[in-house]
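What follows is one structure encoded as structure tokens, with my remarks underneath.
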Amino acid sequence: MKITGAKALIESMIHEGVDTIFGYPGGAIMPTFDALYDYDDKVNHILTRHEQGATHAAQGYARVSGKVGVCLVTSGPAATNAITGIADAMLDSTPLIVITGQVGAALLGTDAFQEIDVVGISQPITKWAYQIRRAEDIPWAVARAFYIARSGRPGPVVLDIAKNAQFQWFEYEYKPCTYIRSYIPVPEVNTTQIDEAVKLINSAKKPYALVGQGVVLSNAEAELKEFLEKADIPAAWTLLGASAMSYDFRLNKGFLGMHGNVSPNMKTNECDVLIAIGMRFDDRVTGDLNTYAKQAKIIHLDIDIAEINKNVKVVAPVLGSAKDTLPALTAKLNPAKHTEWIESFKVFDDQEFEKVIQREVYPTSGELTMGEVIHKISEATDNKAVVVTDVGQNQMMAARYSNYTQTRSLITSGGLGTMGFGLPAAMGAKMGAPERTVLMYSGDGGFQMTIQELGTIMQEQIGVKMIILNNHFLGMVRQWQEMFFEERYSFTKMKNPDFIAIAKAYGIDGSEISERADLDGAIADMLKDDKPYLLVANVEMKGMVYPMIPTGGSVTNILLGE
């Protein structure tokens with residue numbers, strides 16, 4: 001079959017199961033967009049309002065569906081606009097393919113209009129970046145790109161395609177990629193490593209598991225539960241590991257890290273065996289490494305050998321996919337009961353409820369709080385919604401006070417912490433899981449970073465429920481200024497527009513509330529149908545996210561507020 005490079009690009013993506021693409025057309029990618037015109041029955045292209053929005057939307061789509069997210073943009077500024085989303089996907093292990101247009105091969109290196117070294121820029125933040133200069137290389141490059149993006153520890157791939165390659169005709173044939181020499185995406189399970197880990201767990205008096213996103217990425221939620229139940233091991237989750245366990249699972253002890261729950265952090269420095277599962281010991285989880293879990297023998301299950309001993313020295317590494325390593329461990333574990341150890345978490349849970357949660361989630365007077373808004377919305381959705389957040393106080397509050405009963409239910413920018421992530425990622429999440437309610441939490445600052453994506457929501461009628469927790473500040477920065485910079489609020493106070501009027505201009509319904517008495521009714525209005533909706537909740541201006549471990553502090557130096 002003789003076809004153009006542009007058509008071959010689309011045919012190849014269809015071979016890989018692509019049915020949704022987020023993008024923005026332009027000169028250097030125009031031949032591909034022209035070819036896409038004939039595929040509207042097979043591929044749904046979502047025209048975002050900015051290339052960064054396209055990358056974040058593709059991330060949201062990938063994170064909630066487990067598929068590879070795909071972006072299609074042009075050269076020059078379009079490619080550089082996509083860089084933030086590519087970096088975000090790299091740090092959060094999100095399978096993403098970004099296809100950028102490029103000037104014709106004959107013009108490369110001449111500083112032609114909108115020519116930029118896309119491969120050079122993106123190589124440090126991708127699993128693979130490749131420039132296609134000939135049409136006949138397209139099927140090979142696309143097959144390789146999808147294999148790399150989705151296999152092993154997932155991540156982003158960039159394909160930079162010259163304009164001439166899109167016009168050229170060639171004899172097309174597609175062969176999926178299943179092997180690349182020297183690339184071993186999933187290490188084989190080593191029985192010696194399994195035996196060493198089992199020996200430690202079976203002898204533990206106070207075993208403790210830390211659950212990361214690796215469990216979700218490997219679809220090992222059921223295997224995790226079986227493992228924890230057999231050995232009676234309490235477990236806590238990282239930000240990206242949220243929803244790997246249902247909130248009401250008896251061994252789920254809560255959220256780790258800087259703004260996590262008290263008991264999961266405190267018990268890190270009390271356990272005798274620490275089992276890290278698909279997590280990378282990020283600094284926001286560990287705090288001061290010099291004081292982190294020094295009493296514990298550490299077992300680390302991970303698919304990526306680069307993570308082993310990178311931050312925390314471990315006694316027993318277990319390489320492989322959690323889908324394989326967890327059952328291998330479980331099969332050899334002795335059934336156990338650690339009742340006293342598990343019940344010891346309750347002392348700290350009660351302390352946190354009394355000093356933090358009671359005030360934040362169940363206030364009886366004063367201004368609206370972020371926690372009560374989030375908790376009530378979670379209950380109103382029967383704790384089954386996909387929660388997408390922006391970055392800042394809204395992110396930590398949403399992670400803390402949403403309850404998760406299904407996997408892939410918290411979509412957030414973890415490693416890069418990208419403000420503006422929330423709105424476009426929520427669009428992608430709704431496209432990836434149209435049957436689920438998708439809630440987007442944002443602060444007034446982050447929402448305005450990608451506010452133009454309301455245009456995409458309007459055009460596609462994407463039924464995202466958007467909640468702005470409006471405190472008229474860059475809230476997290478203000479919190480740090482209050483705590484560590486003598487209340488010198490340098491450029492964090494915000495004068496905001498009428499968000500509801502802006503939403504109305506895009507044909508999106510909404511409401512704004514400031515009073516507690518109006519909250520339940522506003523939530524009911526928002527959730528009454530599957531249309532897009534904006535709820536602006538004016539919350540306390542100087543609310544604080546507690547608990548908090550100061551940067552560089554020990555996990556036990558946790559602050560509970562005034």
Side-chain angles (χ1 to χ4, degrees), residues 66 93 152-153 185-238 240-254 256 264 267-268 270-281 293 296-305 307-308 312 314-345 404-408:
S93 302
R153 181 178 182 175
V186 182
E188 285 188 23
V189 177
N190 183 311
T191 55
T192 301
Q193 291 182 343
I194 294 293
D195 289 342
E196 289 174 356
V198 166
K199 185 177 179 181
L200 288 173
I201 298 169
N202 281 340
S203 63
K205 304 298 182 186
K206 298 179 179 180
Y208 186 29
L210 310 183
V211 177
Q213 189 189 201
V215 171
V216 176
L217 293 175
S218 60
N219 300 310
E221 296 88 347
E223 290 80 0
L224 171 69
K225 187 175 181 182
E226 187 178 354
F227 166 77
L228 296 174
E229 286 182 324
K230 184 173 183 181
D232 205 31
I233 301 172
W237 40 272
T238 67
L240 295 188
S243 81
M245 302 177 285
S246 177
Y247 83 100
D248 55 0
F249 175 47
R250 71 175 184 86
L251 294 170
N252 182 349
K253 295 302 174 185
L256 289 161
K267 292 299 180 178
T268 302
E270 290 184 29
C271 62
D272 59 359
V273 173
L274 186 68
I275 309 149
I277 307 170
M279 54 88 74
R280 58 190 177 89
F281 290 109
K297 294 176 181 177
I298 298 177
I299 301 167
H300 191 176
L301 283 65
D302 209 283
I303 200 169
D304 186 356
I305 194 170
E307 294 299 339
I308 304 297
V312 173
V314 305
V315 173
V318 180
L319 278 174
S321 168
K323 189 78 170 176
D324 302 323
T325 55
L326 282 171
L329 287 170
T330 304
K332 295 185 175 184
L333 286 178
N334 297 329
K337 281 293 179 185
H338 298 288
T339 306
E340 186 177 344
W341 164 237
I342 293 168
E343 288 179 351
S344 71
F345 282 71
Y404 311 105
T405 57
Q406 300 178 44
T407 190
R408 297 185 180 272

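Quantities reported herein were computed from a predicted structural model and do not represent experimental measurements. Values below: all heavy atoms of this structure, side chains included; hydrogens, waters and symmetry mates excluded.
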Which atom of [X] lies closest to which atom of [Y], heavy atoms considered:
{"X": "V215", "Y": "A244", "result": "CG1-CB, 4.1 Å"}
{"X": "L256", "Y": "P264", "result": "CD2-O, 3.7 Å"}
{"X": "M279", "Y": "G212", "result": "CB-CA, 3.7 Å"}
{"X": "A328", "Y": "V189", "result": "CB-CG1, 4.3 Å"}
{"X": "A209", "Y": "I277", "result": "CB-CD1, 4.3 Å"}
{"X": "R153", "Y": "D304", "result": "NH1-OD2, 2.9 Å"}

From [X] atom [atom1] to [Y] atom [atom2], the distance as rounded to the nearest 0.5 Å:
{"X": "E340", "Y": "H338", "atom1": "CD", "atom2": "NE2", "answer": "12.0 Å"}
{"X": "I275", "Y": "L200", "atom1": "CD1", "atom2": "CG", "answer": "9.0 Å"}
{"X": "S321", "Y": "D302", "atom1": "OG", "atom2": "CG", "answer": "10.0 Å"}
{"X": "K253", "Y": "M245", "atom1": "NZ", "atom2": "CE", "answer": "10.5 Å"}
{"X": "L326", "Y": "E223", "atom1": "CG", "atom2": "CD", "answer": "7.0 Å"}
{"X": "L224", "Y": "N219", "atom1": "CG", "atom2": "CG", "answer": "12.5 Å"}

Is there a side-chain contact between [X] and [Y], using heavy atoms and a 4.5 Å cut-off?
{"X": "L228", "Y": "F249", "answer": "yes"}
{"X": "I303", "Y": "S218", "answer": "no"}
{"X": "F227", "Y": "L301", "answer": "no"}
{"X": "K225", "Y": "S246", "answer": "no"}
{"X": "I298", "Y": "F281", "answer": "yes"}
{"X": "I233", "Y": "L251", "answer": "no"}
{"X": "I299", "Y": "V314", "answer": "no"}
{"X": "C271", "Y": "W341", "answer": "yes"}

Checklist outcome for this item: For Y208, the ring-ring contact (aromatic ring centres under 6.0 Å, His included) test, sequence neighbours excluded, returns F345
Item to check | Residue pairs involving residues 209-219 (criterion salt bridge (charged side-chain N to carboxylate O under 4.0 Å, His left out); sequence neighbours excluded) | outcome: none
Next on the checklist: Suppose the criterion is salt bridge (charged side-chain N to carboxylate O under 4.0 Å, His left out): which pairs have a residue in residues 228-237, not counting sequence neighbours?
Outcome noted: D232-R250
Item to check | Residue of the set T325, L319, V318 for which side-chain contact (heavy atoms from CB on, under 4.5 Å) holds with P187 | outcome: L319
Checklist entry - Applying side chain to side chain donor-acceptor pair (under 3.5 Å), which residue pairs with at least one partner in residues 190-205 are found, sequence neighbours left out? => result D195-K332
Checklist entry - Does T405 have any side-chain hydrogen bond (donor to acceptor under 3.5 Å, both in side chains) partners at least two apart in sequence or in another chain, and if so, which? => result none
Next on the checklist: Test side chain to side chain contact (heavy atoms under 4.5 Å, CB included) on Q213 and T238; report intermediate values, then the result.
Outcome noted: CA-CA 8 Å; Q213 189 189 201; T238 67; 5.6 Å; no
Checklist outcome for this item: By salt bridge (Lys or Arg N to Asp or Glu O under 4.0 Å), E226 pairs with (sequence neighbours left out) none
